[in-house]
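Down below is the structure, laid out as structure tokens.
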Amino acid sequence: KNEVEQSPQNLTAQEGEFITINCSYSVGISALHWLQQHPGGGIVSLFMLSSGKKKHGRLIATINIQEKHSSLHITASHPRDSAVYICAVQTSGSRLTFGEGTQLTVNP
Amino acid sequence: NAGVTQTPKFQVLKTGQSMTLQCAQDMNHNSMYWYRQDPGMGLRLIYYSASEGTTDKGEVPNGYNVSRLNKREFSLRLESAAPSQTSVYFCASSYPPLHFGNGTRLTVT
């Protein structure tokens, strides 16, 4: 079993829908990262969380440390949100372990 | 612009050839990383460096060496390339949060 599991692997939505991507992990962590990888391959950091909730524009990330679970929500989804969303957990020191990613496609 | 600069963008090698992937960041970050990304497997850590002068193995270090000569630069060397090393390689640095280079697409024939 991977240390970091994401679901779903693939997600197709219609423009305007509310989207949730989930990340579960099995190890103790110091922080959790959400990343976005564009179709061209570039990777951008969206959030880093150690507790609670963060919001940036239409994106919201939450984490429940006791449950070892995090969610990434996208409100009022748009075709430009189409990308791969990756969860990564930070364990001892600087070490990071990544989930396999969720491919999101938002259709107009 | 501030960020992580990774070179080259593309490289084709023959089995047994060697090469070095270069990575530099100008954000004064302590931590730097090398990852490879393969279809269906996500990003896997090859090596990381928590600070200048230190390096540690990640999940898939075999066949690679790294060098953190100074705070800015973290290079990845393939001494004798193998077809299994065909992949997309990403360098990253972290204060945090994470900043990624644009990737190197390496093909070993």
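Residue numbers start from 1 in every chain, and the chains themselves are labelled A, B, ... in the order their sequence lines are given, proteins ahead of strands.
Among the candidates Val84(A), Leu96(A), Val44(A), the residue making the largest number of heavy-atom pairs closer than 4.5 Å to chain B is Leu96(A).
Looking at Glu59(B), the atoms closer than 4.5 Å to chain A (heavy atoms on both sides) sit in the backbone and in the side chain alike. Residue contact with chain A, scored on non-hydrogen atoms closer than 4.5 Å, involves the backbone and the side chain of Leu43(B) alike. Both the backbone and the side chain of Ile43(A) have a heavy atom closer than 4.5 Å to some heavy atom of chain B.
In Arg105(B), the CZ atom is not crowded: 12 or fewer heavy atoms of neighbouring residues, nucleotides or ligands sit closer than 6.0 Å. No more than 12 heavy atoms of other residues, nucleotides or ligands shown are found within 6.0 angstrom of CG on Asn102(B). More than 12 heavy-atom neighbours from other residues, nucleotides or ligands sit within 6.0 angstrom of CD on Gln17(B).
Hydrophobic clustering, with ILVMFWY side chains joined whenever heavy atoms are under 4.5 angstrom apart, groups Leu106(B) together with Val66(B). If you chain together hydrophobic residues whose side chains sit under 4.5 Å apart, Leu72(A) and Ile63(A) fall into the same group. No single ILVMFWY cluster, assembled from side-chain heavy atoms under 4.5 Å apart, contains both Ile19(A) and Ile86(A). Tracing side-chain contacts under 4.5 Å through hydrophobic residues (I, L, V, M, F, W, Y), one reaches Leu21(B) starting from Leu13(B); they form part of the same cluster. In this structure, Val88(B) is a member of the same hydrophobic cluster as Phe98(A), with clusters built from ILVMFWY side-chain heavy atoms closer than 4.5 Å.
Interface with chain B: from residues 31-39 of chain A, residues His33(A), Leu35(A), Gln37(A) qualify, criterion being any non-hydrogen pair under 4.5 Å.
Separation of atoms CD (Gln90(A)) and CG (Leu98(B)) is listed at 7.5 Å; rounding is to 0.5 Å.
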